[in-house]
Amino acid sequence: MNILSNKKIGISVLFILFFSLLAIVFSHNYAYAANGELKVHYIDVGQADSILIDLPNNEVMLIDGGTYADGETVVNYLKQQGITNIDYMVNTHPHNDHVGGLVKVMEEVVEKDTFTVGNIYMYMTSSADGVPKFTEFTEMLDTIRVDPVQVVAGTELINEMVGEKKLIVKCLAPFKLDNSNLNNNSMVLRLEYGNVSYLFMADAEEEEEQQLLASGENLKCDVLKVGHHGAKTSSSQAFLNAVMPKAAVITADTSVNSSGLPAEAILTRLHEVGADIYRTDLLGTIVSTSTGNGYSMNKTPKADIHLPSGTITFDKDEYTYTGSKIIPDVTIKIGGISLKEGIDYICSYKDNINVGTASVTFIGMGSYYGSKTKNFKITQKSITKATYFHINDKVYTGSKLSPSVVVMDGSTKLKKNKDYTVSYTKTTNIGQGVVTVKGKGNYSGSQKVYFTIKPKKTSISSKQSLKNGKVMLQWQKISHADGYQILYSVNNKNQFKTFKNVKGGDVTSLTKKLTAGKKYFFYIRSYKIVDGKKVYSDNSTIVSLKHKKSIGKCKVSKIKKLKYNGKPRTQKSVVVKLGKKKLVAGTDYKISYKNNTKRGTATIIIKGIGFYRSSVKKNFKIV
């Protein structure tokens, strides 16, 4: 035996074995398993589901495959990702938009040997026999002699450690095999890796959500695959409150969608619970990556909730004109959630001050797009609600008067012929005139405003303080007056009281006794009697009068006999009293002399000044 040859043969065998092992290792999705990283691919297959999961244990799971037409997209995507083996194939329920694409994948398995398949989990039911692609799928499984596994709530597909982190894929639903509603018997899976979790809801609707809530299972997740493409029949508020996802992925296709998916109500609910929304119809294929500590998404959230789908209500059906911009209290609800102004939408108002039809346009922002306009009515304000009406009193002229009216509504002065018109009644004769203010434009109704038509005012033409202690006043005659009121005040221009009421418009003077020695102020008003009441004119100009007291009866004392010295002699200590009052020289009287420069009889003359009139003479001797 040639030992060298034997050695060469042995070495060759070793090389063959080594490269065969490498081939096996690399053929098992080697490119897809890197450093315990999890990747979840939400493949854009329109309004259908196909989710590729690159597990951190170097295995691959494919949940659904979209429609048969989408199958080519799924196959190509798997190839692009370097997938050759599908360890777990899951069909959540038999509808075409979930199982159809799996038929295409199985064609690649059976006919082209493109992929190998490990375990197949599915919902097995005879009620789906009428779904062509489901039937075709099950027949292909029979061809390759694969027995699919029927799973129900509680089944764990995976439960193992990847390094120091737990990897669990658990089936949370269905709870029983009920063929009456395939959506509500969807296979719901929860994936947990380290401290990150994903929930895959397939087409589960509110009925199955209620069963999940009652199960006591942990439903909280970081990333939620929203049930039934965002239909109103799924993602109930109670369910979302329990799940509280940080991110929500919706598989939909609005370009061919006649059923309005995703529903605006669901988008709003997700937005309200604080989920970032990712839509395949807007973003294409979405990939979430996790190392078991937090997660990332390869796209920026984009919800695009259509604001016009919301219900807009105002707090009132109509609003009364105020003179300011009318800003209704608005509620916008989508899916039972109230939107927030400044966060979800802004408002633009038009014609919202004056009476008529006003409008407000709501413009979406943030997660909301589109705009919607809603009208509201502004009705007239009653002119009687204006805060101030005023007409200045007028003076009788003998002709019809048309006084101006001041109408204030708050701090706004209303404009004649724009906000109101006026009509006049009883505006000729002395008495009460009436102006009717009738609302116009922004105002309705009418308000009567009253003013006084006064007699002409008179003026005091003469005033006298008479020696007999009386005063005399004379004034201008007012032909249409019925009389005059004379008022006076003592030493004060403010505190007047009636001095005399004089009847008769022809009377133009009054003489009446007043206490002398004081200063008086007078004014006169003419009046006309209307309906038994006096209507007074404006006051005449106030005049003052010093009513002087005679000094003739005063007592003069301390006049002495004086000695002649060749010069005029004067008294130094004269005391003048009127009654008990001692008068003051220079204020009440002044002194002069006669014959006081020679021997004989001289005369001192005391003459009243100020409030005193007349004079007193007293003789004295010069010796």
Side-chain angles (χ1 to χ4, degrees), residues 458-477 483-504 507-525 539-562 568-598 600-623:
T458 185
S459 60
I460 297 173
S461 57
S462 176
K463 54 181 180 175
Q464 293 184 54
S465 174
L466 303 179
K467 291 182 179 180
N468 57 4
K470 295 182 179 182
V471 297
M472 185 180 72
L473 299 173
Q474 293 180 314
W475 56 88
Q476 178 188 3
K477 176 184 174 181
Y484 305 90
Q485 181 188 35
I486 298 94
L487 297 99
Y488 79 103
S489 174
V490 181
N491 298 323
N492 192 315
K493 282 189 175 183
N494 298 315
Q495 298 177 354
F496 283 85
K497 57 185 178 181
T498 299
F499 182 45
K500 182 73 175 179
N501 284 307
V502 178
K503 294 181 180 179
V507 179
T508 58
S509 66
L510 172 69
T511 301
K512 188 175 179 180
K513 190 170 184 178
L514 275 177
T515 302
K518 297 180 179 180
K519 186 175 183 179
Y520 292 92
F521 296 90
F522 298 94
Y523 72 82
I524 300 177
R525 300 190 297 178
N539 301 337
S540 70
T541 302
I542 296 173
V543 298
S544 61
L545 174 66
K546 289 182 178 179
H547 188 23
K548 297 183 178 182
K549 182 180 288 189
S550 175
I551 204 171
K553 295 183 179 181
C554 67
K555 293 182 178 180
V556 181
S557 61
K558 294 192 177 180
I559 296 177
K560 299 178 180 179
K561 184 189 294 184
L562 302 176
R569 299 306 309 272
T570 59
Q571 297 291 333
K572 303 298 182 184
S573 304
V574 176
V575 173
V576 180
K577 282 187 175 182
L578 189 57
K580 294 182 178 180
K581 181 178 179 181
K582 182 179 179 182
L583 304 187
V584 180
T587 299
D588 300 323
Y589 64 89
K590 63 180 181 179
I591 296 175
S592 62
Y593 292 89
K594 186 176 180 180
N595 299 324
N596 65 334
T597 59
K598 60 183 180 180
T601 299
T603 304
I604 180 173
I605 303 167
I606 299 169
K607 186 176 182 181
I609 60 175
F611 285 101
Y612 297 89
R613 68 171 78 250
S614 68
S615 60
V616 175
K617 296 179 180 179
K618 294 291 181 179
N619 295 329
F620 63 92
K621 294 288 186 179
I622 299 175
V623 295

Checklist outcome for this item: Distance col, row I524:CD1 vs K500:NZ, nearest 0.5 angstrom, shows 13.5 Å
Checklist entry - Can you find a heavy atom in the side chain of K463 that is under 4.5 Å from one in the side chain of V471? => result no
Next on the checklist: So does T508 get a backbone contact from the side chain of Q474, meaning a donor-acceptor N/O pair under 3.5 Å?
Outcome noted: no
Next on the checklist: Please evaluate residues K621 and T601 with respect to the criterion side chain to side chain donor-acceptor pair (under 3.5 Å), reporting the C-alpha separation (whole Å), side-chain torsions for both, the decisive distance (0.1 Å), and the verdict.
Outcome noted: CA-CA 5 Å; K621 294 288 186 179; T601 299; 3.1 Å; yes
Checklist entry - How far apart are the closest heavy atoms of L578 and S550, and which atoms are they? => result CD2-O, 3.7 Å
Checklist entry - Do I604 and V574 touch side chain to side chain, with heavy atoms closer than 4.5 Å? => result yes
Next on the checklist: Parallel, tilted or perpendicular: which one describes the rings of Y488 and F499, with boundaries at 30° and 60°?
Outcome noted: perpendicular
Item to check | Y593 side, atom OH; R569 side, atom CZ - distance, nearest 0.5 Å | outcome: 10.0 Å
Next on the checklist: If the test is side-chain contact (heavy atoms from CB on, under 4.5 Å), which one of V543, L487, T541 qualifies with F522?
Outcome noted: V543
Checklist entry - How far apart are the C-alpha atoms of L473 and I486, what are their side-chain angles, what is the distance that settles it, and do they pass the side-chain contact (heavy atoms from CB on, under 4.5 Å) test? => result CA-CA 9 Å; L473 299 173; I486 298 94; 3.8 Å; yes
Item to check | For the student: nearest non-hydrogen atoms of W475 and V507, plus distance | outcome: NE1-O, 3.1 Å
Checklist entry - Quick one: does K546's side chain have a donor or acceptor within less than 3.5 Å of a partner on G610's backbone? => result no
Checklist entry - Between atom NE2 of H547 and atom CD of Q464, what is the distance when rounded to the nearest 0.5 Å? => result 12.0 Å
Item to check | Under 3.5 Å: donor-acceptor pair, side chain of T458, backbone of Q476 | outcome: yes
Item to check | Any donor-acceptor N/O pair, Y484 side chain to S509 backbone, under 3.5 Å | outcome: no
Item to check | Minimal non-hydrogen separation, I609 against G586, with atom names | outcome: CD1-O, 3.4 Å
Item to check | Derivation and outcome, side-chain contact (heavy atoms from CB on, under 4.5 Å), residues K503 and N501 | outcome: CA-CA 7 Å; K503 294 181 180 179; N501 284 307; over 6 Å; no
Checklist entry - With no hydrogens and no angle check, is any side-chain donor or acceptor of R613 less than 3.5 Å from a backbone partner on S465? => result yes
Checklist entry - Closest heavy-atom contact between A602 and N595? => result CB-O, 3.1 Å
Checklist entry - What distance separates K470 NZ from T511 OG1, expressed to the nearest 0.5 Å? => result 7.0 Å
Checklist entry - At their closest point, which heavy atom of K518 faces which heavy atom of Y520, and how far apart are they? => result O-CD1, 3.6 Å
Item to check | Residues S592, K590; criterion side chain to side chain donor-acceptor pair (under 3.5 Å); working and verdict | outcome: CA-CA 7 Å; S592 62; K590 63 180 181 179; over 6 Å; no
Item to check | For the student: nearest non-hydrogen atoms of G469 and K513, plus distance | outcome: O-CG, 3.4 Å
Next on the checklist: Assess the residue pair F620 and Q571 against the criterion (side-chain contact (heavy atoms from CB on, under 4.5 Å)); give the C-alpha distance rounded to whole Å, side-chain angles, the decisive distance to 0.1 Å, and a yes or no.
Outcome noted: CA-CA 9 Å; F620 63 92; Q571 297 291 333; 3.3 Å; yes
Checklist entry - Would one find more than 12 heavy atoms of other residues, nucleotides or ligands at under 6.0 Å from atom NZ of K512? => result yes
Item to check | Straight-line distance of K618 NZ to I606 CD1, nearest 0.5 Å | outcome: 8.0 Å
Item to check | Residues T498, Q485; criterion side-chain contact (heavy atoms from CB on, under 4.5 Å); working and verdict | outcome: CA-CA 7 Å; T498 299; Q485 181 188 35; 3.1 Å; yes
Checklist entry - Is it the case that more than 12 heavy atoms not belonging to K607 sit under 6.0 Å from its NZ atom? => result no
Item to check | Rounded distance (nearest 0.5 Å) linking atom NZ of K549 with atom OG1 of T515 | outcome: 8.0 Å
